2 protein chains.
Amino acid sequence: MSEYRRRALIGAALCEIAERGSLDVTVAQIAGRAGVSAALAHHYFGGKEDLILATMRHLLAEFSSVLVAGLREAPDPRARLTAIVRGSFGREQFHHATISAWLTFYAKALSSEVAAWLLEIYQRRLNSNLVHALRALVPGRDAVRIAESTAALIDGVYLREALRGVPSTPESAIAVIEHHIDLEIRAVRA
Amino acid sequence: MSEYRRRALIGAALCEIAERGSLDVTVAQIAGRAGVSAALAHHYFGGKEDLILATMRHLLAEFSSVLVAGLREAPDPRARLTAIVRGSFGREQFHHATISAWLTFYAKALSSEVAAWLLEIYQRRLNSNLVHALRALVPGRDAVRIAESTAALIDGVYLREALRGVPSTPESAIAVIEHHIDLEIRAVRA
DNA sequence: ACCTCTATTGATTGATTGGTCAATCAATCA
DNA sequence: TGATTGATTGACCAATCAATCAATAGAGGT
């Protein structure tokens, strides 16, 4: 029962955060959505802060697993880049609820030591993956530079998607990133 | 006195929001930093929401004026693009306090109708400026596309800067954007 | 039947917050 | 001088929320 409740509470927290577009969600709301009392949420997670951070960790872990799965099937470096991009805009990541939650967590990282630390891990991993794939295509210094701008562009496109009310397909977003990568690689080789 | 207090309160709100990295600031904190009582803040702005939105409007207006001033001195279309980029990463905009406040407002736009509306105006204006400058350099369809990716890249670089603890010079950020613009323009012309 | 441990909750508390209001103070005006 | 007006505040209120706690229920073992 323990694991089931934790999962349910994290899922409920995710929905609630996304729906209200803010981290100002009460444990009563989250617990209510999960069909239990607020006291039980305190029982399983030490307090509100821990529940929120657990939810954040869940998002990061989910993204990470999608990324790893995509990378495993990529036959060559360029395909690895595409896998990273497509993973960032995958079906699970591109729901409005997920996007809203991400943006909210970004804001939280400004005030929470632990949240900032978690996000830094994610960013470092994304960057590391990008650099690793790029090193096989361009010289090391350019790989680092292109990885940086690509990561920033991913975040930027993601951010704009979060603010746009109407949902759209990830294809256009992916195309923007892919085009940027192609341009950068071609420019270095020319 | 009226105008002086309003300015002081908005400035205090900006500092407080940036320092705490959250919109969860109490009117007592803001008023305290401005050296007045919380009741006075309610006297000048109808309520907390209005004070926050006024602060947001202040940020947007300040950025807008910087942008207009930069654009006026630009001699040609390419210089206009540089002016937009440099305006986005200008001294006033690149303080950690300002950046944090921006990100926090972005998060607020998810839950506040008015905040979303204000941000949309800013984004539309930035996009319009970019497209207008780009139209003189590349065909219309490409101008729209490049403006979109450039705006996203600006937001992304901005976002990553907000999360990085240590402050850095805007020059590297500007270089990333400029490089992207150059690549896109050159690719269209080739 | 008895004990133990976990799951679960209703009730409560202590603290915080946004907002209100009557009262005070200072300046201006008739 | 006396009246009016705007600035300013301390005290207060109602609402909300995280957290705690005592109590109940049930499962499993002895």
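Proteins come first, then strands; the chains are lettered A, B, ... in the order of their sequence lines, and each starts at number 1. All of these numbers come straight from a predicted model, not from anything done at the bench.
- Side-chain nitrogen and oxygen atoms of A:His43 include at least one within less than 4.0 Å of the OP1 or OP2 phosphate oxygen of C:dA7.
- Taking 4.0 angstrom as the limit, A:Tyr44 places a side-chain polar atom (N or O) nearer than this to OP1 or OP2 of C:dT8.
- Across all strands shown, the partner of C:dA27 is D:dT4, judged by Watson-Crick or G-U wobble contacts whose two distances both fall under 3.5 Å.
- For the pair B:Asp24 CG and D:dA18 P, the interatomic distance rounds to 11 Å; values are reported in whole Å.
- Distance, B:Phe45 CZ to C:dG18 C1': 16 Å, rounded to whole Å.
- Regarding B:Asp50, its CG atom lies at a distance of 13 Å from the P atom of C:dG18, rounded to whole Å.
- Between A:Trp102 and A:Tyr158, the angle of the ring planes goes over 60°, which puts this pair in the perpendicular group of the 30/60° scheme.
- Judged purely by distance below 3.5 Å, without hydrogens or angles, the side chains of B:Ser149 and B:Arg145 never pair a donor atom with an acceptor atom.
- Checking side-chain atoms of B:Asn127 against main-chain N and O of B:Gln123 turns up no donor-acceptor pair under 3.5 Å.
- Checked by atom type and distance alone, the side chain of B:Arg80 never pairs as donor or acceptor with a backbone atom of B:Pro75 at under 3.5 Å.
- Rounded to an integer number of Å, the gap from CD of A:Gln29 to P of D:dA19 is 15 Å.
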Please write out each protein N/O paired with an N/O of nucleotides 10-16 of chain C under 3.5 Å, distance rounded to 0.1 Å.
none

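- Within 6.0 Å of the CD atom in B:Glu171, the count of heavy atoms belonging to other residues, nucleotides or ligands exceeds 12.
- Protein atom CG of B:Leu51 is 10 Å distant from nucleotide atom P of C:dG19, rounded to whole Å.
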_side-chain hydrogen bond (donor to acceptor under 3.5 Å, both in side chains) evaluation trace for B:Arg124 with B:Ser128_ = CA-CA 6 Å; B:Arg124 231 202 294 269; B:Ser128 161; over 6 Å; no
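- Rounded to a whole Å, the CD1 atom of B:Ile52 is 12 Å from the C1' atom of C:dG18.
- Looking at which nucleotide of DNA chain D each of B:Gly35 and A:Gly46 is closest to, the 5′-most match is held by B:Gly35.
- Straight-line distance from the NE2 atom of B:His42 to the C1' atom of C:dG18: 5 Å, rounded to whole Å.
- As rounded to whole Å, 14 Å separates atom C1' of C:dC25 from atom CG of B:Leu40.
- The closest donor-acceptor contact from the side chain of B:Ser112 to the backbone of B:Lys108 lies at 3.5 Å or more, if one exists at all.
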